[in-house]
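As the structure is a prediction and not an experimental result, all values here were calculated from the model. Below, chains carry the letters A, B, ... as their sequence lines are ordered, and counting in each starts from 1.
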Amino acid sequence: MIREKLAENIRKALMSARESGELAFENMPEIALDPPKNKAFGDFTTNVAMVLAAQSGGVPREIAARIVDKLGDAGGLVVRAEVAGAGFINLYVKPDWLHDVLRRIGVEGADYGHSNVGNGEKIQVEYVSANPNGPITVAHGRGAAVGDTIANLLAACGYDVTRESYINDAPNSTQMQNFGKSVHARYMQALGKDYPMPEDGYQGEYVMDIAKDIVKEYGEKFLDLPVDECVLKFTRMAEDEMLALQKQNLAQFGVKFDVWFSEATLHESGKVEKAIDELKKRGHAYEKAGALWLKSTAFGDDKDRALIRSNGQPTYIAADTAYHYDKFQRGFDRIIDCWGPDHHGYIARTKAAVAALGCDPDKLEVIIYQAVRLLSGGEIVMMSKRAGDVVLLSDLIDEVGKDAARFFFLMRSSDSTLDFDLELAKSESSENPVFYVQYAHARICSILRKAEDVGVAVPAAADVDLSVLTADGELDLIKKLAELPDLIAEAAAKREPHRLTRYAQDLAAIFHKFYTECRVVGDDEAVTKARLVVVKSTLTALANTLTVLGISSPDKM
RNA sequence: GCGGCUGUAGCUCAAUGGAUAGAGCAUCAGUCUUCGGAACUGAGGGUUAGGGGUUCGAGUCCCUUCAGCCGCGCCA
C-alpha cells in the first residue's frame, strides 16, 4: 500500500543521492515509516536520515535535507516533505491515500486487518491446561483469554494454528489422589457417616456436589468397597465430570480447543518411558540416590531434575518432557506455551529437557501472564481452590458477562498483574471501557438503520466521490482505520493482545468525536454517501477487532 | 540467598530507542441534547522509584540501589 510506495521512493532517492556523491553509505537502511504521534508532523515520518548519520557519519538534518531534495514529490504521492526536529523527515501525503484505505476495507470486509505474514507456518498454542479436579477458575480465566486471543491473532496473520490444552490427569499424582479422597470423604458424609476429609483435601462446594451426584445415581453401592479401590473409582468418575464441566465453562467463555491432550495417555502409551530412554541414550540422564535425574544443568538449568523417583514413579517433569517431545514430533514450526506466574521457574528446565532430546529449544516459546486480583468495593476477593472460597470463571461470567470478562482480562499487558474491578466491569456506563467500545458499534448500526429509514443505501467506496471528506474528524478516523493491519501484525508478533483492547478504545473515542462533529445522514447527498462509507468502514474495523478479541459486536444495547 | 514480574499524573494503566511522556477515572469549567447523552470540548495535575552508563536521542537498552508481588519439591 501507500507505505511500500513511499519507502520505495525513499530508497530511490537514497540511491540517487549516493550516485551523485551527495550521500555515502554502504548498506541500504530499513525505511521505517510511522504515523507520527503528533499530527502536526504530517501523515508519515521517517528517521532514516538519523539512522544513516549513525551508520556513516554526517549531520542528520543535512542528510535529511538531501534526501528530501532527491525525493521530490515521490512520483506524485507527496504534497510536502520537510525536515524537522533532530532530522526527521515528515511527509504530507496526497489525501487520496485515505480513499484507498476506505476502498480496501470495502473490498476486504471481514478480512480487513488480516494478513498472510504467517504464510501457513504450523504453530501450536497451549493454554489453560488445568487439573481436572475442579471447575475453571478466574485464575485460569486470564490464561484462557490471553492464549485464545494470541491464537486468534496468529490465525488472522495466516498461521496454521492448533489450540491445545493439556489435561493433568496422571492417576498417581498427589493432586488427583487428594481430589479422589476428598470426593470419597464427601460421599461417606453424604451417606450420613462421620468421615474425615483428608488433610489438604478439596473444600470446594463442588466436591460435595459430585459426591451427591454419585449418591443419587448409585446410592450405597460403593460403601463396602475397599477404600483404595473406591477412591480410584471416584477419581475417574469425578475427573470425567470435571473435564466436561471445564469444557462447558470454557465454551461459555468463547474458548474451544482443537486438542485436549491427556497426560494419562502419555503414561499408558509408553511415551514417557520412550522419552526417558531417549534421554538415557543421549547420555543426559543419570542415577543418584535411587532416582533417575535429567542432567538439565548441561542445558542451562540451575539444577538437575528428577525424572523417576526412588519409588519407581515418574515425576511430572518426566511426563511434561514426553509431552513436549510429542509436540515436536508432531511437526510444529513453533510451539507457544501460555503459563501462569507460578510457572516461570519451569521455563529453563522445559527448554533444557527439549534440548536434551535433540530438539531446538528456540522453537519453544513460553508466555507467562501475571496474576489476577479481583477487586470488589476496593477489597481484594481471595482465591484459593483448596480453601473453597475460589471464584469460578462461570460465576464471573454470570456476574459481568463474557464480553466484559474477556475485555478486562485482555486490557493489560500480560507482564502486569491485573486488578479486575468487578463493579466497573458490570457498570453500564462510559467508565466501563467495554461498554464504551460496544456502544460505538451499536451507535454505528443505529446510523445505518437511520440511513435505511430515509431510503439511502450505503454505497460502495468505489462509487462515491470521497474528496468531500475534508473535516478533521473524518480524516482522523480514516487514519485510525488505516492502522489496523499493522496493529494486528504487531500484536501477533509480540504476543500482545492488550494492543487490541487499546486500539478498540481509541477507535471508539475517535468515532464518537467524529459523530459529534459530522452529521452523517443529512441534506447533502454527496456528503451523506461519503460519510456512510466512512461509518461502514469503521463498523468493519471495529467488528474485526472485537472478533479477534472474542468479544461480540452488538447492533443494539 | 537465587530467579521472574512490576515501579510512569491523586487512582488504574499506555507509549517498534524518536520530536512537547499519553488515555480513562477522579476534580474543576463548558458544549450539545433532530442519525442512540452509554456522547463531546477544555483546564489543572509528571524529577517516568533513586543513582550511574551506552548514543545523534533513553520511560524504553546495560549496571546498581531501593520498594512491592510471585516462584524456588524425588508436588502437579
Should A:Y515 be counted as stacked on B:rA39, where stacking needs a ring-centre gap under 5.5 Å and an angle between planes under 30 degrees? no

With the criterion set at under 5.5 Å between ring centres and under 30 degrees between planes, would B:rG18 be stacked on A:F88? no

What's [X] touching, base or sugar-phosphate or nothing? Going by heavy atoms closer than 4.0 Å.
| X | value |
| --- | --- |
| A:K556 | base |
| A:S413 | sugar-phosphate |
| A:A319 | nothing |
| A:H343 | base |
| A:N172 | nothing |
| A:M557 | base |
| A:S310 | base |
| A:Q438 | nothing |
| A:A84 | base |
| A:D34 | base |
| A:A291 | base |
| A:Y436 | sugar-phosphate |
| A:D342 | sugar-phosphate |
| A:A348 | nothing |

At less than 4.0 Å, is any side-chain N or O atom of [X] found next to OP1 or OP2 of [N]? Yes or no.
| X | N | value |
| --- | --- | --- |
| A:H512 | B:rA23 | no |
| A:K494 | B:rU16 | no |
| A:S416 | B:rA14 | yes |
| A:K288 | B:rC74 | no |
| A:R305 | B:rG73 | no |

Would you kindly check if the NZ (Lys) or CZ (Arg) of A:R349 is within the cone defined by 45 degrees around the ring axis of A:Y346 and under 6.0 Å from the six-membered ring centre? yes

Measure from the side-chain heavy atoms of [X] and tell me the nearest of [options].
| X | options | value |
| --- | --- | --- |
| A:R412 | B:rG18, B:rA14, B:rG4 | B:rA14 |
| A:R499 | B:rC40, B:rU16, B:rG3 | B:rU16 |
| A:T174 | B:rC75, B:rC70, B:rU16 | B:rC75 |
| A:A86 | B:rG18, B:rC40, B:rU16 | B:rG18 |

Identified pairing partner of [N], criterion: Watson-Crick or G-U wobble below 3.5 Å:
| N | value |
| --- | --- |
| B:rG42 | B:rC28 |
| B:rC72 | B:rG1 |
| B:rG59 | none |
| B:rG7 | B:rC66 |
| B:rU48 | none |
| B:rA19 | none |

Where does the angle between the aromatic ring planes of A:Y323 and A:Y166 fall among parallel (under 30°), tilted (30 to 60°) and perpendicular (over 60°)? parallel

Check: A:F44 ring centre within less than 6.0 Å of A:Y92 ring centre: no

Working for ring pair (Phe, Tyr, Trp, His ring centres under 6.0 Å), residues A:H140 and A:Y127: CA-CA 9 Å; A:H140 299 122; A:Y127 50 106; over 10 Å; no

Protein-nucleotide distance ([X], atom [atom1]; [N], atom [atom2]), rounded to Å:
| X | N | atom1 | atom2 | answer |
| --- | --- | --- | --- | --- |
| A:K37 | B:rG18 | NZ | C1' | 8 Å |
| A:N47 | B:rG18 | CG | P | 9 Å |
| A:Y439 | B:rA38 | OH | P | 6 Å |

Among A:I136, A:N133, A:V128, A:I167, which residue satisfies the side chain to side chain contact (heavy atoms under 4.5 Å, CB included) criterion with A:Q246? A:I136

Got a second to check how far A:W293's CH2 is from A:K288's NZ, nearest 0.5 Å? 5.5 Å

Would you check if the side chain of A:K303 reaches a backbone N or O of A:T297 as a donor-acceptor pair within less than 3.5 Å? no

